[in-house]
Amino acid sequence: MATTVDAESLMLLLKAPNKDFVRDVFVQCFRWRLNKALPQALRSSWAGTLDASVSAVDSLVASVNALISAALYSKERLRRAFPEDFHPQLKTLIANVLVERIPEWSQEVLRHKVSLPRLREVDWRVDVKTSSNKISRMAVPSVLLQMKVEDPATSDDEVASDRNIDVELTRETLQTLLDGLGRLRDQLSGVSS
């Protein structure tokens, strides 16, 4: 994905009353990045402060979001985002804001990332059935496997929760599972070499 940064829209930040305003623009753009647009009141307020139209502010927001995305996901894309002749002091100010905020924003992005459940614990035991209604099923060992997995939170107000998964395996299904895990181990070893 190409980073689309409109250098002209970023030049609006030169009209900012102070550095804190520029910092706030980046913080608010990150905060509202997943919504369709910033709240109208905020857009109008920025338009008044920057002596610009609301559509110019919308272009600024799109460029700031592109810079934030570039900084979060690809340092190379961030380097290429600015034209050669971009205003040096503004470029330095933007870089300082990004460097200051990226650690916090990276953690925020990771917290909201869609993920699969994570394996926390594994416990097992071998059982031998001593009674059954069929004689052929008596004295057949089986493995009871208990896995504790953490389901990720699906919203900000949820906490990740643990759940147990219990599985009973016969000798044959255990062997199939172990063979499959062995192949996975071999493939991972080949990748890391």
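As the structure is a prediction and not an experimental result, all values here were calculated from the model.
Other residues, nucleotides and ligands contribute at most 12 non-hydrogen atoms within 6.0 Å of the CZ atom of Arg118.
Summarising the geometry, atom CG belonging to Asp166 is positioned 4.5 Å from atom CD belonging to Gln146; distances are rounded to the nearest 0.5 Å. Taken to the nearest 0.5 Å, the CZ atom of Arg101 stands 13.0 Å off from the OG atom of Ser106. In this structure, Asp151 CG and Ser161 OG are separated by 5.0 Å, a value rounded to the nearest 0.5 Å. Summarising the geometry, atom CD1 belonging to Ile68 is positioned 7.5 Å from atom CD1 belonging to Ile102; distances are rounded to the nearest 0.5 Å.
Side chain of Arg31 to backbone of Gln28: no donor-acceptor contact under 3.5 angstrom is found. Without hydrogens or angle criteria, Ser44 side chain to Gln40 main chain gives a donor-acceptor distance under 3.5 Å. Of the possible polar contacts, none joining the Thr173 side chain to the Leu169 backbone as a donor-acceptor pair under 3.5 Å is found. Of the possible donor and acceptor atoms, none in the side chain of Ser45 sits under 3.5 Å from a partner among the backbone N and O of Ala41.
A heavy-atom distance below 4.5 Å is not found between the side chains of Gln89 and Lys91. Using a 4.5 Å cut-off on side-chain heavy atoms (C-beta onward), Leu10 and Leu67 make contact. Side-chain contact check for Pro141 versus Arg171: some heavy-atom pair is nearer than 4.5 Å. Between Arg163 and Val149 there is a side-chain heavy-atom pair separated by less than 4.5 Å. Taking 4.5 Å as the limit, every side-chain heavy atom of Leu12 sits out of range of all side-chain heavy atoms of Asp51. Counting only heavy atoms from C-beta outward, the side chains of Val64 and Val25 approach each other to under 4.5 Å. Side chains of Trp46 and Leu38 form a contact here, defined as non-hydrogen atoms less than 4.5 Å apart. Looking at heavy atoms from C-beta onward, Leu72 lies in side-chain contact with Phe30 at the 4.5 angstrom threshold.
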Residue pair Leu60, Leu13: steps toward the side chain to side chain contact (heavy atoms under 4.5 Å, CB included) verdict
CA-CA 8 Å; Leu60 171 64; Leu13 293 173; 3.9 Å; yes
Carefully, step by step, assess Lys19 and Val22 under the rule side chain to side chain contact (heavy atoms under 4.5 Å, CB included).
CA-CA 5 Å; Lys19 293 177 183 179; Val22 174; 5.5 Å; no
Could you go step by step and tell me if Met147 and Val167 meet the side chain to side chain contact (heavy atoms under 4.5 Å, CB included) rule?
CA-CA 8 Å; Met147 297 174 285; Val167 180; 4.1 Å; yes
| said: Could you go through Asp58 and Val54, starting from their C-alpha distance and side-chain angles, then the distance that decides it, and tell me whether this counts as side chain to side chain contact (heavy atoms under 4.5 Å, CB included)? | reply: CA-CA 6 Å; Asp58 290 341; Val54 174; 4.2 Å; yes
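Donor-acceptor pairing under 3.5 Å is recorded for the side chains of Asp179 and Gln175. Side-chain N/O atoms of Glu172 and Thr176 include no donor and acceptor closer than 3.5 Å. Side chains of Ser63 and Ser9: a donor on one and an acceptor on the other come within 3.5 Å.
Phe26 pairs by the ring-ring contact (aromatic ring centres under 6.0 Å, His included) definition with nothing, not counting sequence neighbours.
Asp186 and Arg183 are not joined by a salt bridge, as no carboxylate oxygen comes within less than 4.0 angstrom of a charged side-chain nitrogen. Under 4.0 Å is where a charged nitrogen must lie from a carboxylate oxygen, and between Glu100 and Arg23 at least one such pair does. Ion pairing between Arg125 and Asp127 holds under the 4.0 Å rule for side-chain N and carboxylate O.
Taking hydrophobic clusters as Ile, Leu, Val, Met, Phe, Trp and Tyr residues chained together by side-chain heavy-atom distances below 4.5 Å, Leu184 shares a cluster with Leu177. Note on Phe21 and Ile94: same hydrophobic cluster, where clusters join Ile, Leu, Val, Met, Phe, Trp and Tyr whose side-chain heavy atoms are under 4.5 Å apart, directly or indirectly. Hydrophobic clustering (side-chain heavy atoms under 4.5 Å, transitive across Ile, Leu, Val, Met, Phe, Trp, Tyr) keeps Val126 apart from Val140. Both Ile165 and Leu181 are members of a single hydrophobic cluster when ILVMFWY side chains are connected at heavy-atom separations under 4.5 Å. There is a path of hydrophobic side-chain contacts, each under 4.5 Å, that joins Leu14 to Val61.
Between Cys29 and Asn65, the shortest heavy-atom distance links the atoms O-OD1, 3.2 Å.
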